[in-house]
Amino acid sequence: MKTICLYFEIHKQVHLKRYRFFDIGRDHYYYDDYANEQTINEVADRSYIPALTTLIEMVKNSEGAFKVALSVSGVALEMLEIHSPRVIELLHELNDTGGCEFLCEPYSHGLSSLANEECFREEVSRMQEKIKVLFGKAPKVFRNSSLIYDNEIGAQVASMGFKGMLTEGAKHILGWKSPHYLYHCAGAPKLKLLLRDFKLSDDISLRFSNSEWNEYPLFADKYMDWIAEMPAEEQVINIFMELSALGMAQPLSSNILEFLKAFPNCAKNRGITFSTPSEIILKLKSVDQIDCPYPMSWTDEERDISPWLGNLLQREAFNKLYSVGERVRLCTDNRVKQDWDYLQASNNFRYMTTKNTGIEIDRGIYSSPYDAFANYMNILGDFISRVNSLFPVDMDNEELNSLLTTIKNQDEELTAMNREIAKLQEKLEKAESELDKYEETAKPVKRTTKKSISKKVALKAEKKE
């Protein structure tokens, strides 16, 4: 029996403001608050709210037969909590239906998995905790920013305790293999891999409302027929996309939500089910390993990391940012850590691409990739100066790490000693209290004893007389 794994991503970057060279050292606030509020409210009203409302209805109307998976970046959650709490409420409602699984991803939706393992682990750990606090469940399946994956990243994710990971069913990695099976990581066989069917996914997210597309108009029954006609042994159909595709990339006027609403009934009539990633990992066995020595992603035709690191501008900005990664990880300044999350977001590097994909890139306030690079580097110059001011400049990261580890160990020892002192103090106070009680009860006894002795002495004296 075939099953569909339907997954949506929610992420919105924090827009940077126009930051001049002469602002370095004077202005430590890097964001365009008006643009951030405007864009998050726009995507919430046009996409997130109607799309999530539809997903909730689908789970309820299908009596739990319809299931979906979501991942929300930590940066997006922060923005939604401030500007659009209604989306957070709907996420809770969807979670309460029992038909949704929340996945984990890097908190910043950044590229730390390609730069610094410790920073990557720290981000993932924070995101795990955020999901657990908000939705009451610890995520068991991971998806990296833009589904970036290779053997090394897979091994790191497995070592963090995840059971499965979502990634792209890229042709240059799969070769003759089909994405419609469950696979496992070459370096960590216990980590199961679900591979995106990019054609079926892009038919919805990119082509649905394109009147020049040869399959236009696309209806749910036709779409399910495509899946039903696949070979019987191909059991897992992974359809992954951004949630903003429903309402933004594909406008609501295209009836995209009506198309989605018809999924449960059309699938049921063809004997097709819906499953969450965790259910698929538990039910099915891996058929083979995926050997991916170089990073792949779900972006552009090449399905690699060139959209973010394909030119010298991007690599210079990327290397400069992560040159202070270790220092940021070790610092305790919350403002610096928040700026670090926002500056890591992959969109900042995407704006700098010079790659010609045939699709126009929305660069926001930037007129060109060079403009994006200059603005980002000005901000980065100020940020790095702030980070370096927290630690000795002439000390390298290894020495700093050693020093801070020593300080941390000493702090832990002092904390343990203070706990021991507190315990001993408590025991002393208890002993003194018991001693006081004993003395209070012992005094009358002693007085009574002296009195009785005096009486006995007097009686003896009388008898002698």
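Just so you know, these numbers come straight off a predicted model, no measurement behind them.
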Using only heavy-atom distances, determine whether the side chains of K12 and T39 contain a donor-acceptor pair under 3.5 Å. no
Tell me, do L182 and L193 make a side-chain contact under 4.5 Å, heavy atoms counted? no
So, R303 side chain and M296 main chain: donor-acceptor pair closer than 3.5 Å or not? no
Check whether any side-chain heavy atom of L111 sits under 4.5 Å from a side-chain heavy atom of I148, and report yes or no. yes
Do I272 and I227 have side-chain heavy atoms sitting under 4.5 Å apart? yes
Just so I know, are the side chains of R327 and W340 near enough to count as touching, which here means a heavy-atom distance under 4.5 Å? no
Taking T167 for the side chain and L195 for the main chain, is one N or O donor matched with an acceptor at less than 3.5 Å? no
Is K222 atom NZ crowded by more than 12 heavy atoms from other residues, nucleotides or ligands, each under 6.0 Å away? yes
Candidate pair D341 and K337, rule salt bridge (Lys or Arg N to Asp or Glu O under 4.0 Å), full reasoning: CA-CA 6 Å; D341 284 336; K337 284 186 173 292; over 6 Å; no
Quick one: list whatever passes ring pair (Phe, Tyr, Trp, His ring centres under 6.0 Å) with F102, sequence neighbours left out. F135
Would you say the side-chain atoms of Q13 and Y351 include a donor-acceptor pair closer than 3.5 Å? yes
Cation-aromatic face contact K355/W308, 6.0 Å, 45 degrees: no
Side-chain atoms of residues 113-121: list all donor-acceptor pairs with protein atoms under 3.5 Å, sequence neighbours left out, distances to 0.1 Å.
residue: S113; atom: OG; partner: N144; partner atom: ND2; Å: 2.9
residue: N116; atom: OD1; partner: E118; partner atom: N; Å: 3.0
residue: N116; atom: OD1; partner: C119; partner atom: N; Å: 3.0
residue: E117; atom: OE2; partner: R121; partner atom: NE; Å: 3.0
residue: E117; atom: OE2; partner: R121; partner atom: NH2; Å: 3.0
residue: R121; atom: NH1; partner: S159; partner atom: OG; Å: 3.4
residue: R121; atom: NH2; partner: S159; partner atom: OG; Å: 2.5

Verify the neighbour count for atom CD of E233: are there more than 12 heavy atoms of other residues, nucleotides or ligands below 6.0 Å? yes
Side-chain contact, heavy-atom cut-off 4.5 Å: D371 with R18? yes
Results of ring pair (Phe, Tyr, Trp, His ring centres under 6.0 Å) for Y29 - residues two or more places apart only: Y31
Across all chains, not counting sequence neighbours, the side chain to side chain contact (heavy atoms under 4.5 Å, CB included) partners of L313 are N311, Y370, F373
Is it true that a side-chain atom of N36 and a backbone atom of D32 form a donor plus acceptor pair closer than 3.5 Å? yes
Axial cation check for Y107 ring with R126, 6.0 Å and 45° limits: yes
Are F318 and Y322 near enough that their ring centres are under 6.0 Å apart? yes
Just by distance, with hydrogens left out, do D291 and N151 show a side-chain donor and acceptor under 3.5 Å apart? yes
Answer yes or no: is there a side-chain heavy-atom contact under 4.5 Å between I88 and L90? no
So if I apply the side chain to side chain contact (heavy atoms under 4.5 Å, CB included) rule between C100 and each of L55, L94, I56, which one comes out positive? L94
Is it true that a side-chain atom of Q250 and a backbone atom of S209 form a donor plus acceptor pair closer than 3.5 Å? yes
Do D202 side-chain atoms and K199 backbone N/O form a donor-acceptor pair below 3.5 Å? no
Between the side chains of S71 and E9, does any donor sit under 3.5 Å from an acceptor? no
Assess whether atom NZ of K2 is packed by more than 12 heavy atoms of other residues, nucleotides or ligands within 6.0 Å. yes
What do the steps show when you test K17 against N375 for side chain to side chain contact (heavy atoms under 4.5 Å, CB included), and what is the final call? CA-CA 8 Å; K17 69 181 181 182; N375 199 68; over 6 Å; no
Do H28 and D339 meet the criterion of a side-chain donor-acceptor pair at a distance under 3.5 Å? no
Does either side chain, that of S244 or that of S47, offer a donor lying less than 3.5 Å from an acceptor on the other one? no
Hey, could you give me the CG/CD distance between L257 and E57, rounded to the nearest 0.5 Å? 9.5 Å
Would you kindly say whether E152 and Y294 are connected by a side-chain donor-acceptor distance under 3.5 Å? no
Side chain to side chain contact (heavy atoms under 4.5 Å, CB included) between E101 and E279, worked out: CA-CA 10 Å; E101 178 180 4; E279 288 175 340; over 6 Å; no
Judged by atom type as modelled, is there a donor-acceptor pair below 3.5 Å linking the side chain of Q314 to the main-chain atoms of G310? yes
Pair Y19 and Y30, ring centroids less than 6.0 Å apart: yes
Any side-chain to backbone donor/acceptor pair from E123 onto S108? Under 3.5 Å, distance only. yes
Rounded at 0.5 Å granularity, tell me how far CG in L243 sits from CE in M248. 11.0 Å
Spatial distance of atom CD1 (I379) from atom CG (L321) [nearest 0.5 Å]: 11.5 Å
Quick one: ring pair (Phe, Tyr, Trp, His ring centres under 6.0 Å) partners of Y376, sequence neighbours excluded? F349
So do F162 and Q128 actually touch side chain to side chain, heavy atoms under 4.5 Å? yes
So, does N95 use its side chain to make a donor-acceptor pair with the main chain of L91 at under 3.5 Å? no
Passes side chain to side chain contact (heavy atoms under 4.5 Å, CB included), L174 versus E168? Steps please. CA-CA 10 Å; L174 279 175; E168 178 70 5; over 6 Å; no
For side chain to side chain contact (heavy atoms under 4.5 Å, CB included), just list the numbers for I204 and M241, CA-CA rounded to whole Å, side-chain angles, deciding distance to a tenth of an Å, and then say yes or no. CA-CA 9 Å; I204 299 174; M241 67 191 82; 3.9 Å; yes
So how far is it from R350 CZ to L309 CG, rounded to the nearest 0.5 Å? 11.5 Å
Any sub-3.5 Å donor-acceptor pair from N41's side-chain atoms to Q38's backbone N or O? no
NZ of K190: more than 12 outside heavy atoms within 6.0 angstrom? no
Quick one: do H109 and S73 satisfy side chain to side chain donor-acceptor pair (under 3.5 Å)? Show the steps, please. CA-CA 6 Å; H109 195 82; S73 71; 5.2 Å; no
Could you check if a side-chain atom of I281 sits within less than 4.5 angstrom of a side-chain atom of L194, using non-hydrogen atoms only? yes
Quick one: does D300's side chain have a donor or acceptor within less than 3.5 Å of a partner on E302's backbone? no
How about K177: does its NZ atom have over 12 heavy atoms from other parts shown lying under 6.0 Å from it? yes
Sequence neighbours excluded - ring-ring contact (aromatic ring centres under 6.0 Å, His included) pairs with any residue from residues 167-216: F208-F259
Between the side chains of R143 and Y7, does any donor sit under 3.5 Å from an acceptor? yes
Y149 and side chain to side chain contact (heavy atoms under 4.5 Å, CB included): which partner among S297, P295, C185? C185
